[in-house]
Amino acid sequence: EGLASPQHVRFTAELARHLLRWEPGHGCPSNASYDVELKVYGSTIPWIAIPECTNTSELSCDLTHYTLNPEGRYLAQVKAVCENFTSSWQRTSTFSPQEAGLFLAGQSLSVVGNSIQVRLQLLLPGNITLEYSDFQKEMARYHVYVRRTQDNHTFTLVKKSAEFTISRLFEVTEYCLSVEPTMANRPVPSTRSDEQCVTTGHRDRSAEILPGILSSCIILLLLGLLGALLAHIYIRKPVRTPSVLVRQGQCHATLWGQGKGAGSGSAGRGRQDGSFSSFSPSQKSFMKQSSLWVEHEPPSSGSLDADPIQQLFLCQKEPWLDSSPDSSTSTAQPPLEQGWKLPAWPKDQLCLLEPTGSRDSSGTSTDSGICLHIPSSSSSSSSSSSSLSCSEGPKPQGYRQQLPTAEDSGVGLENPCPAPGCSSGSGNASPGEPGLPPATSQEDVEFRGYLQQSKGTVGPEQPLDKGLSLSGCAGSVQGLGSTDTVLDMESSELAVSKGYLKQSSPEHLLTQHLAPWAAPAWDFSSRPQAPTLLSWAAPGAPLTSKASPDLKTPFDLNIFDNTAFLGTLPLVSSLSSSWITPPINPLSQLSGDSKDSRL
Amino acid sequence: VSQAAAMRGSPLFLCLFSVSCWVNLMPTAGDKIFHFGTCRVSVSMAEIRAGFAAIKANIQSRDPIRTLSILSHPHSLHKVKSSDRCCITHQLFTFYVDKVFKHCRTEDSFVNRKISSIANSFLSVRRKLGQCREQNNCVCGEESTEKFKQILANYEGLNVTSAAMKSLGELDILLDWMEKSHAGTPACQG
């Protein structure tokens, strides 16, 4: 009868621990003994009996010392002896030490902040003869099983070296680790090490600060370099304005060509365009930058041909300009959100784009042909400029200068000139602008700013396209009265708008209810009450947009002036009543300076 | 302009670098790229080894002769010159494809499947090595030729089936020798 041979005879080898294991065969009582033999594969050397494992009752045999050759190929066989019965040999498959799995002699954990440092001990101390080859070390992969004690959450990491760190763990939490070494290039038997638990500490924030600071500094440095490079590329030296563009003093003409620009622009406008293009980039950039100008909505009707070009001339501030505007106006200048804001002329005179000296510069490029002069400036220039404005008939867009010369358009209203087109120093170049209350003629006339006029002849007594009849310089604005009709636009800011409506004094505007636009039955001479101003303020926004279109409606100049307020309603509301009371020289002022762009 | 050029160049450089690294990363740790001179061959070592390990006991139990080896000592492959490695590897792979796998049919379908997968892997490697040889990248020296002749002699000393089974059982000798002689992982390999 044959005794069943041991079953499942196999090598379970780890480095420096080549074990042969087996299981007892069937039918053999537990007191069976086993014999182990070893053979080298491919050689004629016969089987060798292992003395340590002869007649052993154990189920394993350590064959490390017999299988030390790393390139050797071995075979082992086991047989069971049970009383007087002997089983047949049960052989293993070939075994080479390279098949041995990695052996972890021990692992040590240490806590650093909220991370764990792990050091794996691969060899038993004292056993120097056996060690991993470089290849084996390279192919080693350590599967690390990390379990959080509090919720039994487990995750696995694969590390390639025997010393590694597990970071970004929860703070002050207990973790249990066990490592299972494997090989990347071959399947090897591996055993998972016992769990070892440790508690993490608090995160070392100080160690994280320095790299963060360094990295942020480096990033800032790089950004600064980039910004400097961009600045160098895009910012250029300011170019001097060609003298041609400067009318008086030193004026920085700024042109905004909107959209089409060309349109029915008169020659002047074309010229403006040209002049615009002639501006140096810096100037253009400057113009663009001065976002004070808010674009007026182009009138719905096509009355206004292509987007009007807004011109703003910035002239250097002159000392005597300061006197004219009173603080109130300056302070009262409300932001022209709605419509537009006049460029913040330093109370300078607006200079015509062209050096116009004569009234006949109607063909001047500037729409407004407005040249705001300082009140005390030479009336000639102003007159010329005003004449320009007045004479500029075809130009639909005129700029109505606002009386208060405080700043904005730097329009200095000089003594109002009753004659049409006579801006009498106010220099409002708004062609055909109804003379705004000439109160602006005084130094204290403040230029409010410009409300772009709808297309239409602004020239004196030239009806607007839509029939808005401007009484020209003389205009029927006489009724407008004094500066009341002049909207005091803080000319501190240059408003960018399509056109400018000279704003009459707020009071007047207020008095005239918006409704009766067509009915210029305003009592200009009378002083509008301040409260009315407020009433106007409300619909200011929509009105401003309508400012231009309104121009087309048949309005008297009076109304025109009043409508001009629309654009400046927001301003008006904020305007203090103080400047409502400027002396009004009604007719004279109106006539002469009815132009919006009262200079 | 120079900045613009640099801006264009740096991403391109990064792209090229990452692509080159990614190409090397393509084979996993189980897939090794063997360099035979200028010839690069990718072998899915882990896959072949896993398949072999599954049938090793079965195959080797069918080989009763334990005093003879086809591939190992004394006809050791370990003394092959590095310049001859390409040639002898190609010859060995050809030997296995032509003389071993087809004669290893067993009654166990599982074993047969594993043998087929190993055979397929060997086929692709042999093809690549053949291309290298055609490009004269593989030079067969006299020593390697002698060694291969010995292996063939050992093989033919047995009957076909036994020889095939024994050769199949010694497949891990070939794999170990390949790994050992080409020790050193390529860059970027995980």
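Keep in mind the model is a prediction, meaning the values are calculated, not measured. Below, read A as the first sequence line, B as the second, and so on, with proteins coming before strands; counting in each chain starts at 1.
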S.K.: For A:Arg73, is there any backbone N or O sitting under 3.5 Å from a side-chain donor or acceptor partner on A:Thr94?
M.R.: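 No: the side chain of A:Thr94 does not pair with the backbone of A:Arg73.
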S.K.: Give the interface residues of residues 55-65 of chain B toward chain A, defined by a heavy-atom separation under 4.5 Å.
M.R.: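 Against chain A, the residues of residues 55-65 of chain B that fall inside the cut-off (heavy atoms, under 4.5 Å) are B:Lys56, B:Ala57, B:Gln60, B:Asp63, B:Ile65.
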S.K.: Do the side chains of A:Arg186 and B:Asp176 get close enough for a salt bridge, i.e. N-O under 4.0 angstrom?
M.R.: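 Salt bridge flag = yes for B:Asp176 with A:Arg186.
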S.K.: So what's closer than 4.5 Å to chain B heavy atoms on A:Thr92: side chain, backbone, both or neither?
M.R.: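 Neither; nothing under 4.5 Å.
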S.K.: Going by the angle between their ring planes, with limits at 30° and 60°, are B:Tyr155 and B:Phe95 parallel, tilted or perpendicular?
M.R.: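 Perpendicular, since the angle between the ring planes exceeds 60°.
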S.K.: Check whether the ring centres of A:Phe11 and A:His18 lie less than 6.0 Å apart, and answer yes or no.
M.R.: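 A:Phe11 vs A:His18: aromatic centres not under 6.0 Å.
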S.K.: Please confirm whether the ring centroid of B:Phe101 lies under 6.0 Å from the ring centroid of B:Phe122.
M.R.: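 Ring centres of B:Phe122 and B:Phe101 closer than 6.0 Å.
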S.K.: I'd like to know if B:Arg113 pairs up with B:Asp108 as an ion pair, taking the criterion as any Lys NZ or Arg NE/NH1/NH2 lying under 4.0 Å from an Asp or Glu carboxylate oxygen.
M.R.: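 Looking at B:Asp108 together with B:Arg113, the answer is no, because their closest N to O distance does not fall below 4.0 Å.
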